[in-house]
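Accompanying notes for the structure given below.
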Amino acid sequence: MEKKFKPNIVGFLCNWCSYAGADLAGSSKTQVDPSLSVIRVMCSSRVNSNLILSSLLWGADGVLVAGCHPGDCHYEQGNYYARRRFALLKKITKILNLEPDRIQLSWISASEGKRYAEIVNQFARDITKKGPNPLTRNSQT
Amino acid sequence: MNKNIGVYVCECGPNIPERIDVDKVVQEMSSMDEVKTVKKFNLMCSNDGKKFLKEEIEKQKLSHVVVAACSPKDHEKTFMSVCQESGLNPYLFQLVNIREQCAWMIPDKEEATSKAVKYIRAGIHRVLYHNPLKKKEIEINTDVLVIGGGLSGIEAALSLAGPKRKVHIIEKTDSLGGMAADLSQVLPHQGSKMDLIKKKVEQLESSEFVNINTFSQVKEVRGFLGNFEAVINTHSGNGGVEEKEIKIGAVIVATGFNLFDLKKNPIYGYGEADNVLNATEFEDMINSEKILLKSGKKPKSVALVHCAGRKEQGYCSKVCCLYNLKFAHYLRDHHPDIEVKELVIDWCLPHKQDQSYFEEAKDKGVDFIRMDELLKTKSTGDQIQIEFKTNDKSHSVSVDMAVVAPAMVPSEDTTKLADILNIPLDKSGFFKELHEMLDPVSTPMEGIYLTGCALGPKNIHESLTQSHATSGKIFSTLVPGRKIEPEVKVSEIKEDLCTGCQTCLSVCFYGAITTDSFKGVSVVNEAICRGCGNCVGSCPSGAIRSKHFTYPQLYQEVLDALR
Amino acid sequence: MAKAVKIKKKTEEGLHDFLKSLLDKEIIKGVFILKKMDKTGAVSYSLITDPEEFKKAVPLYPYMPVNAGKALANFTLLGKAEQPIAAILRPCEIRAFVELVKRTQGDFENFLIISLTCGGVLTLKTISEPDQDKLISQYWESVKKAEVFEHTREACQFCEHFLPLNADITVAAVGKKDLDEECLLFLNTPKGEKFAQEASGSSVSEEIETEKVQQLKKKREELKEKYVQQTETGETGMKSLVNVFAPCLGCHGCSHVCPICYCTLCEFDSKTLQYNADGLSSDLKRKGGLKVPSGNLLFHLGRMTHMAVSCISCGMCSDVCPVNIPVATVFSKAGKSLQKVFDYFPGKDAEEPVPGGTYKEEEFAEIGEQ
Amino acid sequence: MNSKYKPNIIAFLCNWCSYTGADLAGTARMKIPSSIKTIRVMCSGRIDALFVLKAFLKGADGVMMMGCHPGDCHYQKGNYNTRRRYVLLDNLFKTLGLEKKRIGLWWVSASEANRYAKVTNEYTEEIKKLGPNPTSEEIFL
Amino acid sequence: MSHQKKEETIIPEKGTVLSAEKGTKRVILDILKKALAENLFDAVLIPAQVPETEAYSWILLQDESLFEWADPLPPVMTVQGGRALSSFSKNGELEQNIAALLRPCEIRAAIELFKLKQVNLKNITLISLDCPGAMPLSNYMSDPQKTKKDFQHILEKWENSESLRPVCQVCQHFSFIDGTAADLHIGLLGDKNKNITLIPSSPKGKKLLDQLEFGTKDSVEKWKTEKQQLANEKIKRIDAFNREWKKKINQANGFFNEFNPCINCHNCMNVCPMCYCQQCYFDSQAINFKPEAYMQKAEQKGALRFPLNTMLFHIGRMSHMVLSCVSCGACEDACPVSIPVSQLFSMVSDQTQKEFKYTPGMNREDALPLQDFTEQEFCEVEVPDECHEKAPEEAK
Amino acid sequence: MEQQNVLVIGAGVAGMEASLILAEAGLNVHLVEKESLIGGQTIKFEEVYPNMECATCMIAPQQQDVLQNDRINVSLLSKVQSVEGSAGNFKVQVKKKARYVSLINCIGCGACYEPCPVSLGNAFEERMSQKKAIAVACPGALPNAPAIDPEACLRLNGKKKDCSACQEACGFDAIDFSQKDETVELNVGAIIVATGFDQFDVSTLPQYGYGKHPNVYTAMEFERLYAQNGPTEGELTLRQDKPIKSVGIIHCVGRKQEGYCSGVCCMYSMKFAYFIKDKVPDADIHEFHTDLCIPGKSHQKFYNELKDKGVHFCRFEDIKVSGQNGNLQVRSTNSDGKEKSTDTDMVILSPALTPPPDAEILAKSLGIPQDSTGFFSTQNQKLNPIDSEKEGIYVIGCAEGPKDISESVSQAEAAAGRVLSFLQ
């Protein structure tokens, strides 16, 4: 029953830039890899380690956090905090023995529909290449 | 409470069925617990669709509604208001985006269908965790406090004061008028005198809706839009300080600017060489109509030196070029015997009529000299020698008198006031606007506005425009008789769980979180919170909840994403 | 005499096979059971759904990493299990689960509860012992003989309720000499009987409470007396209590692992009982010295008022204590006394109300009237 | 024991019966020992076991719980629960070898000013005999 | 936007050297006794042995008779001192002047907690001392006498010993390194056990020495040299230590294997000074789900471990407090199943703190890493890497 | 004022801001826009200086608010024909062109573009890409619905009267050929003019080589070239395709001719340098400027930063662009008369901002004068910067003169303030 591996990717998108960018990708009929499931949050700063770590431990093959470009945050500074928290998390996930690029932070603006598609497709390709998150089958998580 | 969820799949004409097997979606969803009904509809956002949804909610006695259609950016509000009309709390509704995020993105029908199922299922699970949120209304005070009695402050006060809105204006000096009152002419190319300011001051003083406090400063401001309280200290004549508290709905900061201290850099020769004046001193000379050297003689030549302090401060003050031109015009018009040399780095004349003003000066015989960098100003006996560099070569001119145009710098109380008002400063030390482009007079603290040179160097017409802009903002947010409705999806702190570590406080840009020092817990001011959730992300103990984006709600989405 | 099934296999194997066939045939969707973890010797509870994973299951392993009653409650806190699940629990774990179900912290539905006549569990510390296997075979030898094994928990050593209540199926272990030859499953309920049809054994009629079992019960009762004596509580009142709990770090591990302590935020962790500057000042003035963090005894006594009446004496609390305080023994002592007063046996019946949540008008009439 | 010793007694009174009774005692100018410090609660059922324990461990020489007589509870049955709670505490004190006299439960109705005076005086005397609560000096609690 | 008043840190050159003939501990206690007698403090926070038992606990000591039980350097760390300090000082300014005698890691925890508003340092004088490390709590609890003897031996020799807790063996901050935030440091090194050196490290500390009429006239060079020697040894050890742990963790399932025996008692969190939350997020109801969700996971994985979310707890806790971890080892001491929690956390925190250029508890003024940011940092975490320097924009 | 209605002409960033504030204050706003979409020029920009923020992210929420606000009545494809009356009571005739697409039915799915047989240059994209006769200006345009260009549409221009390709493709019955141009009369109390700007026509100055050399771009062309939602989706693909090694950006194009400094070109020219450095880090970028006009507290920092990045700044007195085979040469003369020649692959011209071509007509219908530059004049340049010569009519944003977004927004808010203050 060797089925082609299709990853499960969780994408946290900020409402103002990245979600709008994703919408633009849709309304421009850009093809985007379906393995990413979008979860809308108001600001990338809402996404903290609790959300990302639990996604990973519960078997997400990849987690994408996308927010406004630095300086563009609808709430002025949220994405800077998001970035710091993310930098910390990158360190932490290392000890889970996961490839550090299973989690990704990207800046996607509302006009960057194409970029959204590129980032998601590339990320999905990367994750597919990496194969399933070993934790998906880890009974301890 | 019984959970009766209604799930409606919008076909969006051919858009969704083209790529998604809607019937399959409907079938999958109907097997879910707590889903009372699943139906598809051709176009939910049409009037028929809205009517249909309304009937369904009423007929089926739905407790929650999930609509799978387009992006929330398009029709979230539409369906929320349908819910509202049907007597269902609009926050017990979830819009699932299967058009942009599935149908239009995924060419493979099977994949798109299963993705849509995933999303809708997540939506159903999520909506079960929704709470009925209620809009709140807060009574407001429409009065306004204007800090600073300069031109900007006066204009704002005049524009705002009226029978339904009182304006308190406070000025730290003895009289209103500010910097502009000392100017010889404000309108260089039209040459009219500046008694207009006087008129405006008189108008203010005679208004029954304006309360003028001179010799006064703010000591404390607390509260939020529509409900501020300010403590004002007024220095009475005998050295005592009188304290009073006023209630206002908005604050306008119009504290103006200071001039760069030319003594900070010896290259300007100010304070060392006689007959090196700064712009204000020269204005005084014009006002007294006597252009004389220290010796009492009339100068034969005057140099107007631009851009003093620009390099030190790191910005162009915008107005200096024009007022130097004004000086040049004045000298040529009234003292044609004085030779005028103007030492310019870059002309900054960004107004449709300023260039012609420059051309006119040129025609009047002003000697414009381009310099790349000023090197030195020194006194050589009777004369002042100014050395500068152009095209990598050194040059110098000698004149009898030099007028140096200093940069505009933040006024001295800026930092203190920023602390009192809890608003940020920018890197140049001026107040920082909420958004440099789109919100140039607001601050992160809703209800506190900025105008004029408190924000950075500005010319008079810009300052006036901004004063009107602040009044526009206040007119539209603080309408007499109306209440304000703060954002509903705000953060909320569970007191029991809060440890009082104030992490949330330090990450909140809007100052919406304060500490209850007695209880040792953080408190969200819902009137200020914008609902970004940064505090939630920062709280280690999960004591903060961002309404409508709670952990359980997001976790439901995560779980279904991983199915 | 009770209905039973006899399988001609080593007890643990027989049980293993029985459960595996249930799982293979999808009669049950999962088995809640102890499982050896890969590589490391650690054992933990798992909900197994994949028959492959089931190979690593060790249903009767004498180790209790967590009171399974608490784990099951965690699983069913927000609703009942949708599909049938078999759960292998020790008698005290079932009692814990019952107590939690009473407090609506869990749901019994759809569980097939399998238990055993319990010889106790080894202490948590033994898991890191190098000669663990030897210890375990020694353990089983003593179980066969219905003896008290010295490396089991203190609470197990004096546990007289080692015959399960509320189990659908009971595995005979204590005092069963032929543990290694045959597997005897008592079928206590119609549900147990129904599921046991899948077991490849012969129906028999056997006695659960054998002579050996009764002997062990008596032995354990005696031991209880002994251990309670040893804790010294009650001899010199407050002073001895203080001394018993003196090493306490305030880690509250005992409450965290206690199946009866189900609160998400313990009152003793909350702000209610924290010192403020004023209180500190007056206490310090009065006593001339103050232990900090304070409230140590208040925590233990308070916790006792909250749960001692429902204490099922599983011994998790003692085992988890980093400073070897015999928490379980003290609590068992208090619990036993309280349970007698209220005529309450914790974990007997999920329908029976908790003593704190009910009353009889006629009881304790003399109180308050003096 | 020093005859001048004045114990510290905390009394939790239910609002409807005992507190009214205590008030009545006051109006009637009855002599109530000054050692009694009353704390009003709406129902004796609100008297948490922790209130009693905390008062005791903080060094109260005696803790009194007072409520309406059985059957008279303003909230129908609160005092039955109180009684059970008292039994629990009493038993705990006994089992652990603590001085069980330091806590007590009395029913005092709104009209029983006399009873209130009586029980408070009696209890104070009893506590006086018992002496100060050793807990109040104990550092290592 | 309140601005914390800066307290300057003096780089100490001079201090007081006192003879320790009577025994190091006695001398320290005598100093404190003197300070109490002269009303320089109202009370001293110090470890003490509970009479009639072998247990140690923290006491706020006011009555002189209690000095009999006090022990400035007990063989074990029971409750982490930072936590003890927090327990009574977090709810407002104290009325008493209190001196707290803490190990360096406890001082650092106290400073971190101070930043998190869990300790109010207003009327507290922090006194630290050179720390030889502590013995594992479980060893002490099973054989107090032997452990005490071993510890005494270590204290005399100041040599590394395998019997110390592993994190203590590689502790870099066992002493006053470069401006710890205590007010006064007591150097036990320097003529080991013959003398003790009092080094003032804040104006408060200096004033205290003056008030005690010790002054600051003696050179502290000797202490400095010895301390440096010991530090160098430790630094060598820590590299090997980190390497070894990295290797272990980098094996397949390394992290999970280590935490496998976890029984979810949360002792590690409850004794951790930096886990200051009332209720741990991982105990909260936020991560409770319906049985179906768990079943779904179990089916996905083949088996699902109970108690649920044990690993999430550990990794999540790590993400919450690793930047503030002072490697005090309390967690490991409290673990009933001997998981090397502290060693793991210490390894991770060592690296993470370097990344954030932050050493917890060194300085009262440093902003906590997650309450702060700069615009130009960590650009490398964005993908695709778009690290263009932004136009200068105002931070706060 | 009797009328609580306000007319706002132009739905650019200034017009939208003014409308939103007035609507929030409780007034009814008629927002008249000549294009088929709102947002004005700002939405063409990928990023705006000085903080390099994404313009779409910045503006989109505002556009949404305008479209969803009950108090704002947006008329697209509309122009003001005539104005009568005085402050407090203006009667305005607005001519509204037919869109031929029902905004109520259309959901913006875009099914209609494909079958349309007509292609033409997209003016929104500076004709750098093609669009169909029925199309939206760019992806993400708001309102998200196409319009039919009646001159291009075969059915409407009579070339093929039975063409109904789009109508057949539409699943929502949104295409309505029966729509007619109409004129509506509005009663308003005040008028806010926010008609924006146009760009100086660089083809009138041959020395810049625009039109002759394909790789000479105007600023607006470059904005679209760079935009993610533009014709090349943000790729810097030149008209005459070649790798970009060197770029010349020429300031002050048309300044002399128009007689004023536009005040924004220096900054946006530097923004271009920033863009190019971002995409092609090795590229040599030359900024040819006369006077650098970078007022404002954060602008100079932007300049300093670029200089640090190695962008060359060169002051010129005279300049000329020539070229051969796609290689461009910029010859500049400095104030000393020294000549310098620079080889580039691409030249971007930063033209002056000018009044839109129909300003004159509008000025006449409104009865307010234009000044010598062609922008609307205001009462008093310094003390009443937004009040036109006629009471009740306010001029804001670039309709009043060249300015940046920040100033335009300030003026918009100020105009709202004036109207509301007047009402008080």
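Numbered from 1 within each chain, the chains take letters A, B, ... in sequence-line order. These numbers come from the heavy atoms of this one structure, side chains and all, not from hydrogens, waters or symmetry mates.
When heavy atoms are compared at a cutoff of 4.5 Å, Glu292(E) approaches chain C solely by way of its side chain, counted from C-beta outward. Residue Ile33(C) does not touch chain E at all, counting heavy-atom pairs closer than 4.5 Å. There is no contact between Lys70(C) and chain E, counting heavy-atom distances below 4.5 Å. Contacts of Gln96(E) with chain C are made by side-chain atoms alone, with heavy-atom separations under 4.5 Å and no backbone atom involved. Only the side chain of Leu66(E) comes within contact range of chain C, judged by heavy atoms closer than 4.5 Å. For chain E, the nearby parts of Leu284(C) are the backbone and the side chain; heavy atoms of each come within less than 4.5 Å. In this structure, chain C has heavy atoms under 4.5 Å from both the backbone and the side chain of Thr78(E). No part of Phe268(C) comes within reach of chain E, as not one of its non-hydrogen atoms sits under 4.5 angstrom from that chain. Contact of Phe32(C) with chain E is made through the side chain alone, with heavy-atom distances under 4.5 Å. Interface remark: Asp278(C) contributes backbone and side-chain atoms alike to the contact with chain E (heavy atom separation under 4.5 Å). Contact of Val257(C) with chain E is made through the side chain alone, with heavy-atom distances under 4.5 Å.
Note: Leu265(C) leads Leu265(C), Thr126(C), Thr76(C) in heavy-atom pairs under 4.5 Å with chain E. Most heavy-atom pairs under 4.5 Å with chain E, from the set Ile48(C), Asp269(C), Leu249(C): that is Leu249(C). Listed options Lys125(C), Lys285(C), Lys80(C) were ranked by heavy-atom pairs under 4.5 angstrom with chain E; first place goes to Lys80(C). For chain E, the option among Ala246(C), Pro51(C), Cys321(C) with the highest count of heavy-atom pairs below 4.5 Å is Ala246(C).
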In sequence, state the C-alpha distance, the side-chain angles, and the governing distance for Asn67(C) and Glu93(C), and then conclude on side chain to side chain donor-acceptor pair (under 3.5 Å). CA-CA 6 Å; Asn67(C) 187 304; Glu93(C) 293 174 321; 5.4 Å; no
Verdict with supporting geometry, Gln49(E) and Glu54(E), side chain to side chain contact (heavy atoms under 4.5 Å, CB included): CA-CA 7 Å; Gln49(E) 194 174 348; Glu54(E) 292 292 352; 3.4 Å; yes
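In this structure, Lys33(E) forms a cation-pi arrangement with Phe67(E), its terminal cationic atom sitting closer than 6.0 Å to the ring centre and no more than 45° off the ring axis. Under the 6.0 Å distance and 45° angle rule, Arg303(C) counts as a cation-pi partner of Phe331(C).
Distance OH/Tyr281(E) to CG/Asp283(E): 11.5 Å, rounded to 0.5 Å.
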